[in-house]
Structure formats: C-alpha cells, structure tokens
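Predicted model only: the values in this text are computed from it and were never measured. Numbering starts at 1 and runs along the sequence shown. Values reported hereafter were calculated over all heavy atoms of this structure, with side chains retained and with hydrogens, waters and symmetry mates removed.
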Amino acid sequence: MAKLILVGGGSASGKTYVIDEVIKIIGTDNVCHFSIDDYYKDLGDLPFEERKKQNFDHPKAFDWKYMFEQLSDLKNDKAIDKPLYDYAIHNRSKETEHVEPKKLIIVEGIMGLVNKKVRDLGDLKVFINASRERRLVRRLDRDIKERGRDRDNILDQYFSTVQPMYEEIIGPSQYYADLIINNDGYDNKSIEVLGAVLKAFLNDEIH
C-alpha cells in the first residue's frame, strides 16, 4: 500500500518549494506530488465576478468527499483522473490529470491538515511555517507572475480572507503535524530532515 504524506501551511509559506527541494533529495522514482487546491469545488454555475468574491481559504470551499475518495484510491494502488484548478478563472478546469499510484503520494495545500477524515488517511503529517510578512510578499510575487492576478485583488483577498482564515483555521492545524518545517527565507536543516524521513518511508524503514 502507498504511503500518503500530507503537507499543510499558510498560503505562500513555501509548501511547493519545500516539497520540490525534498524530491531533489529523494528522487522522482516512486513519488507523485500534487496540490489540494485541485479539489476546490466546481463553481461553474457562478459568474466570474461572483467567483472572485468566494472565500477560498475556508474548508467549505473544498470538495472533501471527492478528495477522500481519490486519495483512498491512490493509497490502495488505484489510478485516478484528478481535477485541475485554474487560478486565473477561480474555478476548476475542464481538464483532468491522470495520476498513477506511487510508493509515496505527497499532497500539499493550505488545508492539508484541517479535515479529520482526510488527515486520518495520512501516514505522515507536515506543516510548513513562515511569518505573515514573508507569506504576503511571496503571495504577491507568485500570484502576479504565475496566476495572472492583479495586485489590488490579491491584497484585498489577503486581508479579507487569507490572513483571518490562517489565524482561525490553518495556523492551528499545525498541532496535528508530526513535523514542522520552518521556511522563512533563511538557511536551515529542516528540509534535509524531511528528506531523510521520506527516504526512510521509501526504504520501508518506517511503517
């Protein structure tokens, strides 16, 4: 049976960066990696301006049932056709991604450790930590360059929903983590530690 690694943390805390660095350490063989963001609910019935107003940092924004079913399939060595999320349109894409099960399944996102049913599927739970200031700077840079967003919209969303939901829901989820990785822009050994732990999972040294 595959091992599921759940990775949570605030928006722009560096979850994808950390996992990409860890995969450099452990190699790409027997590892698949994707984002929980792909399980945002389909909002195709709402016009674009209404979709922009949605609180995407609340658990209600996610399709937990679908996520649980697909993660369960992967853990049981069944392939899935995973949804894809399009940040530019604030909605699920019409495309899907075929994912074959691997020995390690790494799934990351702001809600990585929030939902108990999904959390209970995890064989290792990791929280990526970064300061509020660092996360805001990174989010501005990322969303403008990679997600086609404008600065005013990013700032409005950050202060109206992103940071409040971090304080209320996402930040407290770190107490469910087996490992907390600090990623505030300075050099530390925590990524190497996570890499060593995941290598142990791959080598069946941790059960």
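The distance from the CE atom of Met111 to the CD1 atom of Ile169 is 5.5 Å, given to the nearest 0.5 Å. Here CD1 of Ile181 is found 11.0 Å from CD of Glu192. Values are rounded to the nearest 0.5 Å. Within the model, atoms CD1 of Ile25 and CG of Leu194 stand 8.0 Å from one another, a figure rounded to the nearest 0.5 Å. Here the CD1-CG distance, from Ile106 to Leu124, works out to 9.5 Å after rounding to the nearest 0.5 Å. Taken from CD1 in Ile26 to NZ in Lys24, the straight-line distance is 13.0 Å, to the nearest 0.5 Å. Lys82 contributes atom NZ, which lies 9.5 Å from atom OH of Tyr66 (distance to the nearest 0.5 angstrom).
Counted within 6.0 Å of CD on Glu95, heavy atoms from surrounding residues, nucleotides or ligands total 12 or fewer; the atom is thus considered open.
Side-chain atoms of Glu108 and Ser35 form no donor-acceptor pair, as typed in the model, at a separation below 3.5 Å.
For the residue pair Ser173 and Phe127, the shortest heavy atom distance occurs at OG-CE1, 3.7 Å. When all heavy atoms are compared, the tightest approach of Ile36 to Met67 is CG2-CE, 3.6 Å. Closest of all the heavy-atom pairs between Leu136 and Leu155 is CD1-CD2, 4.0 Å. Closest approach of Leu113 to Ala177, counting heavy atoms only: CD1-CB, 3.9 Å. Between Ala130 and Arg138, the closest heavy-atom pair is CB-NH1, 3.7 Å. Here the closest heavy-atom approach between residue Ile170 and residue Asp57 is recorded as CD1-O, 4.4 Å.
Side-chain atoms of Asp29 and Lys102, non-hydrogen and from C-beta on, never get closer than 4.5 Å to each other. Residues Val107 and Ile5 form no side-chain contact, since every pair of their non-hydrogen atoms from C-beta on lies 4.5 Å or further apart. In this structure, the side chains of Leu46 and Leu43 come closer than 4.5 Å at one or more pairs of heavy atoms. Contact of the Lys3 side chain with the Ile105 side chain is not registered, since no non-hydrogen atoms from C-beta on lie closer than 4.5 Å. Counting only heavy atoms from C-beta outward, the side chains of Asn30 and Leu104 never approach each other to under 4.5 Å. Contact annotation: the side chain of Ile23 approaches that of Ile19 to within less than 4.5 Å [non-hydrogen atoms, C-beta and beyond]. Taking the side chain as every heavy atom from C-beta outward, Val114 and Arg119 never approach each other to under 4.5 Å. In this structure, the side chains of Leu74 and Leu4 stay at 4.5 Å or more apart for every pair of heavy atoms.
When hydrophobic clusters are built by joining Ile, Leu, Val, Met, Phe, Trp and Tyr residues whose side-chain heavy atoms come closer than 4.5 Å, directly or via intermediates, Tyr176 is not grouped with Val7. Cluster membership check: Leu6 does not share its hydrophobic cluster with Ile128, using side-chain heavy-atom separations under 4.5 Å among Ile, Leu, Val, Met, Phe, Trp and Tyr. When the side chains of ILVMFWY residues are joined at heavy-atom separations under 4.5 Å, either directly or via intervening members, Leu121 and Val31 end up in two distinct hydrophobic clusters. Val197 and Tyr17 fall within a single hydrophobic cluster, where Ile, Leu, Val, Met, Phe, Trp and Tyr are joined by side-chain heavy atoms under 4.5 Å apart, directly or via other members. Taking hydrophobic clusters as Ile, Leu, Val, Met, Phe, Trp and Tyr residues chained together by side-chain heavy-atom distances below 4.5 Å, Phe201 shares a cluster with Leu179.
Geometric assessment of Lys117 against the ring of Phe68 yields a positive cation-pi assignment under the 6.0 Å and 45° thresholds. Judged by the 6.0 Å and 45° rule, Arg135 forms a cation-pi pair with Tyr166.
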Intermediate values then yes/no, salt bridge (charged side-chain N to carboxylate O under 4.0 Å, His left out), Asp120 and Lys116: CA-CA 6 Å; Asp120 287 346; Lys116 184 181 186 304; 2.7 Å; yes
Begin from the C-alpha positions of Ile80 and Glu69 and carry the test side-chain contact (heavy atoms from CB on, under 4.5 Å) through to its verdict. CA-CA 10 Å; Ile80 63 169; Glu69 289 171 355; over 6 Å; no
Please assess Tyr40 against Gln54 for the test side-chain hydrogen bond (donor to acceptor under 3.5 Å, both in side chains), listing each intermediate value before the final yes or no. CA-CA 11 Å; Tyr40 275 123; Gln54 300 300 304; over 6 Å; no
Please evaluate residues Lys94 and Asp86 with respect to the criterion salt bridge (charged side-chain N to carboxylate O under 4.0 Å, His left out), reporting the C-alpha separation (whole Å), side-chain torsions for both, the decisive distance (0.1 Å), and the verdict. CA-CA 9 Å; Lys94 296 184 184 301; Asp86 187 335; over 6 Å; no
So Tyr85 and Asn91, side-chain hydrogen bond (donor to acceptor under 3.5 Å, both in side chains) or not? Walk me through it. CA-CA 6 Å; Tyr85 189 74; Asn91 199 20; over 6 Å; no
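The closest donor-acceptor contact from the side chain of Gln174 to the backbone of Gly171 lies under 3.5 Å. Judged by distance alone, with hydrogens and angles left aside, the side-chain atoms of Lys15 form a donor-acceptor pair with the main-chain N or O of Gly10 at under 3.5 Å. At distances below 3.5 Å, at least one donor-acceptor pair connects side-chain atoms of Asn203 with backbone N or O atoms of Lys199. Between the side chain of Trp64 and the backbone N or O of Tyr39 there is no donor-acceptor pair closer than 3.5 Å. Using a distance-only test at 3.5 Å, with no hydrogens or angles considered, a donor-acceptor pair links the side chain of Asn183 to the main chain of Ser13. Counting only distance, with no hydrogens or angles, the side chain of Lys103 and the backbone of Leu202 share a donor-acceptor pair below 3.5 Å. Remark: side-chain polar atoms of Lys41 are not paired, donor with acceptor, to backbone N or O of Arg92 under 3.5 angstrom. Within the 3.5 Å criterion, the main-chain N or O of Ser72 finds a donor-acceptor partner in the side chain of Asn76. Although no hydrogens or angles enter the test, the distance criterion places no donor-acceptor pair under 3.5 Å between the side chain of Asp81 and the main chain of Thr96.
Salt bridge absent: Glu49 and Lys53 never bring a charged side-chain N and a carboxylate O closer than 4.0 Å.
Partners of Phe34 according to the ring pair (Phe, Tyr, Trp, His ring centres under 6.0 Å) rule, which considers only residues two or more places apart in sequence or in another chain, do not exist here.
The aromatic ring centroids of Phe56 and His90 lie less than 6.0 Å from each other.
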